[in-house]
Amino acid sequence: MSGAQLGMLMVIVAYLVMMLVIGFLYSKGNNDSKDFYLGGRRLGPFVTAMSAEASDMSSWLLMGLPGVAYLSGVCDAAWTAIGLAWGTYMNWLIVAKRLRRYSARIHAITLPDFFSNRYRDESRVLLAVSSIFIIIFFVPYTASGFAACGKLFSTLFGMPYTAAMLISAVVIVGYTALGGFMAASTTDLIQSVVMSIALVIVVLFGIGVGGGWDSVMANAAALPGYLSLNAVYDGASNSASPYGMITIVSTMAWGLGYFGMPHILLRFMATENEKNIPLSRRIATVWVVISMGVAILIGIVGYSMSQTGAIDVLSGSDSETIVIRIATLLSRHGALAILGAGITLAGILACTMSTADSQLLAASSSVSENLIKGILGVNLSERATILTARSTVVVIAVIAVFLAGDPNSSVFGIVSFAWAGFGAVFGPLMLCALFWKRSNRQGAIAGMIGGGSMVFIWKYCVKPLGGIWNIYELLPAFLVSLALIIGVSLATAEPQEEIVREFEAVRKEG
């Protein structure tokens, strides 16, 4: 191992140790399940904003998004970013405050709890269905994060992929199982700062090595459609392919996913005071817009660096390693540069860990709180509940580790499918639960099952037909779910008067 590699490894190890220390410190404050899963609803505005967005921006921020921009130019990456930006803003604007208020009133500490209590579902079908969907989509999502960490260490330091992936998983599981929600939220805040520093380091260094700003833009402009918003660059034919309105709408549909992301919605439920939400919204939106814009710029800068011979020309899934290659190049420029490279690589870990810890908590809460206690009716003391929660985190992580065994899986592909799943299963239902008092339990169940099923049907049966059918599965699945909620609710009995009064009381409080 070279001196530069050893220096970067030391920075990363120091970062990982800090995460474990935070988990240990917060482990002393978990007295009950409300503390473990929601931090006692004590999140301040800055932590709420940054932990929500850090848990959102998984490894695709520093791997997937720059890779897409590097290969095909601005268009596809930009419309994805625009969709995510409007989704972020609207989620904070219309969902956050009412969800915080409603969830506190009905004593819900998990997303399945919220839906079950909101509709007074004594049959517990809502609890079971929502918990099962969370596990279905979160376990592989978490596995993709473990895989990204494994790729990072194995690529940089020549470690066996499996060993590298296991080390990363142990650290993430360690601080999450120890500290619970507050540890995950605090580490997510730190990780958002590390991500920001990494983005700045990479883009500034890359512009310098790529020949300066004018050279970077000239190299990009020389490629057909590379800087266009209505065409994508095709490297195989060195030509531009049109990017039509249907594709634009389909890509922007990424924003719909926010309304159903359990790990983000939990931050809304955990914020200390709903009056802090406007400030959190501004912080979150500004950070998301800037970070995604810089990530796309890194892809463009990376192409210019390839043209100057500073890094290799990348193709296919190798494009997702662009930031790793830039950091490796940076490490060859002295001790301070090694520190910067180490922070950059820690930024990739931060993207992955900040999402994986939140996913582990959301999935484990569905098992321990909703399936074991809610569905099976097992009565547990608070101490036993915390122990069960921690054990569930470990078990889910073990399953995710097995699923992460293939180092060739696409991080972006797994994330996009899981995002569609959550958006379609929970997004329409969350909006109806918060804003339509006529929605009922039967409509909620139909919407979740229909939306979740359509994600699979569209992805594997309809989308392969191509042409006008080649759109992101989230959009049709979201619409199907919404139609089922509305149709079934109107076709069945109105909600109980108690549910309607509660809905009106929450509405009037705002």
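If you read the sequence from its start, that first residue is 1, and numbering goes on from there. Values in this document were obtained by computation on a predicted structure and should not be read as measured data.
- Residues Y258 and W419 are in side-chain contact: their nearest non-hydrogen atoms beyond the backbone lie under 4.5 Å apart.
- The backbone N or O of G450 sits nowhere less than 3.5 Å from a side-chain atom of S481 that would complete a donor-acceptor pair.
- Pairing each heavy atom of Y70 with each of Y226, the nearest pair is O-OH, 2.9 Å.
- The closest side-chain heavy-atom distance from Y472 to F478 is not below 4.5 Å.
- Between W436 and I486 the shortest side-chain heavy-atom distance falls below 4.5 Å.
- For the pair L265 and F259, the tightest heavy-atom approach, listed with the atom from each and the gap, is CD1-O, 3.6 Å.
- Taking both residues in full, the closest heavy atoms of L484 and A446 are given as CD1-O, 3.5 Å, listed atom of the first, atom of the second, then distance.
- Between W92 and F268 there is a side-chain heavy-atom pair separated by less than 4.5 Å.
- Closest of all the heavy-atom pairs between P45 and S280 is O-OG, 2.7 Å.
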Please assess I248 against C75 for the test side-chain contact (heavy atoms from CB on, under 4.5 Å), listing each intermediate value before the final yes or no.
CA-CA 9 Å; I248 289 174; C75 188; 5.8 Å; no

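- Between atom OG1 of residue T251 and atom CG of residue L474 there is a gap of 11.0 Å, rounded to the nearest 0.5 Å.
- Residues V68 and T80 form no side-chain contact, since every pair of their non-hydrogen atoms from C-beta on lies 4.5 Å or further apart.
- I94 has its side chain within reach of L431: a pair of non-hydrogen atoms, C-beta onward, lies under 4.5 Å apart.
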Dump the intermediate steps for side-chain contact (heavy atoms from CB on, under 4.5 Å) on V203 and L199, then the final yes or no.
CA-CA 6 Å; V203 77; L199 286 164; over 6 Å; no

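- With D312 contributing its side chain and L314 its backbone, the two residues share no donor-acceptor pair below 3.5 Å.
- In this structure, the side chain of S103 engages the main chain of R100 through a donor-acceptor pair within 3.5 Å.
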So W287 and S196, side chain to side chain donor-acceptor pair (under 3.5 Å) or not? Walk me through it.
CA-CA 9 Å; W287 186 84; S196 302; 2.7 Å; yes

I134 vs F426, side-chain contact (heavy atoms from CB on, under 4.5 Å): CA-CA, chis, key distance, verdict
CA-CA 10 Å; I134 284 177; F426 298 123; 3.6 Å; yes

One pair to check against side-chain contact (heavy atoms from CB on, under 4.5 Å): Y303 and L223. What are the steps and the verdict?
CA-CA 11 Å; Y303 172 76; L223 301 178; 3.3 Å; yes

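- Rounding to the nearest 0.5 Å places CD1 of I201 at 4.0 Å from OG1 of T344.
- In this structure, G423 and P428 approach most closely via the heavy-atom pair O-CD, 3.2 Å.
- Between K97 atom NZ and R281 atom CZ the span is 7.5 Å, to the nearest 0.5 Å.
- Between the W458 side chain and the I471 main chain, a donor and an acceptor come within less than 3.5 Å of each other.
- Side-chain contact between F205 and L329: present, with at least one pair of heavy atoms (C-beta onward) separated by less than 4.5 Å.
- Judged by distance alone, with hydrogens and angles left aside, the side-chain atoms of S291 form a donor-acceptor pair with the main-chain N or O of V288 at under 3.5 Å.
- Environment of CG in L336: sparse, with no more than 12 heavy atoms of neighbouring residues, nucleotides or ligands closer than 6.0 Å.
- L429 and V425 get closest at one heavy-atom pair: CB-O, 4.2 Å.
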